[in-house]
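In what follows, a single structure is set out as structure tokens and then discussed.
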There are 2 protein chains.
Amino acid sequence: MNSEFTIAVHSLVYLAYIPDRMANSDMIAHNVNTHPSRVRKVLSCLKKSGYLATKEGIGGGYLLNFQPERVTLAELYEATSVGSIIPSWSSGSTDPACIVACNMAKVMDRIFSDAERQLVLYLEQTTIADVLQRVRESGIEQHSR
Amino acid sequence: MNSEFTIAVHSLVYLAYIPDRMANSDMIAHNVNTHPSRVRKVLSCLKKSGYLATKEGIGGGYLLNFQPERVTLAELYEATSVGSIIPSWSSGSTDPACIVACNMAKVMDRIFSDAERQLVLYLEQTTIADVLQRVRESGIEQHSR
DNA sequence: TATACTGTTATTATATTTGTTACAGTTGAG
DNA sequence: CTCAACTGTAACAAATATAATAACAGTATA
């Protein structure tokens, strides 16, 4: 799985967490632990999909453009990483002498596509608000020990 | 997703397809379109899990050790590629100043593990015999055009 | 007009995946 | 017994994918 999905989810959870729901790429990159440029790349994509507003110039940054309860991980997967569970390598050949050799790639591709559909169905069950909630619960566990 | 899973499935479908259900790594590698050594690596793993018998020496090779109707893709995924949909990269840091930064990795890891469980559930629905059937149907489509 | 941002591209570094070679160990035929 | 044909495995090389970094044009705002 593509780690841009992780960066997208983390960034949005972080924005949902902070009071004014706004931060620039430096702050997000520091929280996510990657390079600001990578954050900008992922978030510019989420902006195009309408999940974020941006403000350029002094004091600007990324601003959450949705209710955390209304955006699911499935949407973010589709926006950033669709196809990423399908392996780039395919078996078989176009040699028509063996139906296994020449049809396996097609059959496996179908299996992977369907698997991805199942994955998306599962990701639909979790919203950004849910993830933030889990983060908070993790924090509580941590302190109570 | 790991392509060893693809190699495993393709190899077993091929063995299930050929009449005597036996072939050596050269024949399988040629059908799969990879190196015999890679085939041996994957299949030695499947042998350990009991899906194959091997015969060394002249005329030897890999022999299907199960009914194609009784082995699911889930088992092969577990044998060859478990964990492969979980990204190696994790976000966040151990810096305790922000609960998002320090708990996201754990929360995401849980999400990916659950996603993998869903994937396995899906793969349980398909057997090697089903895949072979689909290969045969692809072949029919191909000829009827 | 200077400054602080985003958006984007290009480049480098690192990690992963795949291909290949090599060889020890095993089996069975002759 | 000996040779040839296998598997099993490790080591290495090549190719590819991923992540980090740098650079800079464009834009908004103080």
Side-chain angles (χ1 to χ4, degrees), chain A residues 1-8 10-11 15 20 22-30 32-65 79-81 83-93 105, chain B residues 1-8 10-11 15 20 22-30 32-65 79-81 83-93 105:
Chain A
M1 169 109 47
N2 201 324
S3 66
E4 293 194 355
F5 174 68
T6 299
I7 293 173
H10 189 137
S11 300
L15 286 171
D20 52 4
M22 185 166 192
N24 66 29
S25 62
D26 269 12
M27 296 163 70
I28 297 170
H30 190 259
V32 169
N33 195 25
T34 186
H35 200 277
S37 184
R38 213 164 164 225
V39 169
R40 292 202 292 273
K41 188 183 170 211
V42 174
L43 296 194
S44 81
C45 165
L46 295 184
K47 180 198 179 182
K48 280 173 192 156
S49 310
Y51 299 110
L52 293 169
T54 58
K55 213 176 144 187
E56 294 184 4
I58 297 170
Y62 297 89
L63 179 66
L64 216 58
N65 205 17
T80 62
S81 310
S84 71
I85 72 156
I86 297 164
S88 52
W89 191 89
S90 283
S91 70
S93 65
Chain B
M1 168 111 46
N2 201 322
S3 66
E4 293 194 354
F5 174 67
T6 300
I7 293 174
H10 189 137
S11 301
L15 287 171
D20 52 4
M22 183 165 195
N24 66 30
S25 61
D26 269 11
M27 296 162 70
I28 298 170
H30 190 259
V32 169
N33 196 26
T34 186
H35 200 277
S37 184
R38 218 170 156 220
V39 169
R40 291 201 294 271
K41 188 183 168 210
V42 175
L43 296 195
S44 80
C45 164
L46 294 185
K47 180 198 177 181
K48 281 173 192 156
S49 310
Y51 298 111
L52 292 170
T54 59
K55 212 177 145 189
E56 296 185 1
I58 297 171
Y62 297 88
L63 178 66
L64 216 58
N65 205 18
T80 61
S81 309
S84 71
I85 73 156
I86 297 165
S88 52
W89 191 90
S90 283
S91 71
S93 64

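Residue numbers begin at 1 in each chain, while the letters A, B, ... track the order of the sequences.
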Spacing of [X] atom [atom1] relative to [N] atom [atom2], expressed in whole Å:
| X | N | atom1 | atom2 | result |
| --- | --- | --- | --- | --- |
| H30(B) | dG19(C) | NE2 | C1' | 16 Å |
| H35(B) | dA15(D) | NE2 | P | 14 Å |
| I86(B) | dT18(D) | CD1 | C1' | 18 Å |
| E4(A) | dA20(D) | CD | C1' | 13 Å |
| N24(A) | dA28(D) | CG | C1' | 15 Å |
| M22(B) | dG28(C) | CE | P | 10 Å |
| I28(B) | dA5(D) | CD1 | P | 18 Å |
| R40(A) | dA22(D) | CZ | C1' | 10 Å |

Can you name the closest pair of heavy atoms from [X] and [Y] and give their distance?
| X | Y | answer |
| --- | --- | --- |
| C45(A) | A79(A) | SG-O, 3.3 Å |
| G60(A) | N24(A) | O-CB, 3.8 Å |
| Y62(A) | L43(A) | CE2-CB, 3.5 Å |
| S90(B) | A105(B) | CB-CB, 4.3 Å |

Any chance you could measure [X], atom [atom1], to [Y], atom [atom2], to the nearest 0.5 Å?
| X | Y | atom1 | atom2 | value |
| --- | --- | --- | --- | --- |
| L46(B) | S11(B) | CG | OG | 7.5 Å |
| E4(B) | T34(B) | CD | OG1 | 10.0 Å |
| N33(B) | H10(B) | CG | NE2 | 9.0 Å |
| L52(B) | L15(B) | CG | CG | 6.5 Å |
| D20(A) | M22(A) | CG | CE | 8.0 Å |

message: Using a 4.0 Å cut-off on heavy atoms, which residues in residues 42-58 of chain B reach DNA chain C? List them by number, or say none.
response: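 Of all residues in residues 42-58 of chain B, the ones placing a heavy atom under 4.0 Å from DNA chain C are E56(B), G57(B), I58(B).
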message: For a quick test of reading the model: is some side-chain N or O of R38(A) closer than 4.0 Å to OP1 or OP2 of dA20(D)?
response: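 It does, given that an N or O in the side chain of R38(A) lies less than 4.0 Å from OP1 or OP2 of dA20(D).
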- prompt: Does W89(B) place a side-chain N or O at less than 4.0 Å from the phosphate oxygens OP1/OP2 of dA20(D)?
  reply: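 Yes, within the criterion.
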field: Most 5' of Y62(B) and N2(A) on DNA chain D, judged by nearest nucleotide
entry: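 The 5'-side residue here is Y62(B).
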- request: Identify which nucleotide among dT7(D), dT6(C), dA20(D) has an atom closest to any side-chain atom of T34(A), counting heavy atoms from C-beta outward.
  value: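 Nearest listed nucleotide: dA20(D).
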Which atom pairs link the protein and nucleotides 9-15 of chain C when you take only N or O atoms and keep those under 3.5 Å?
none

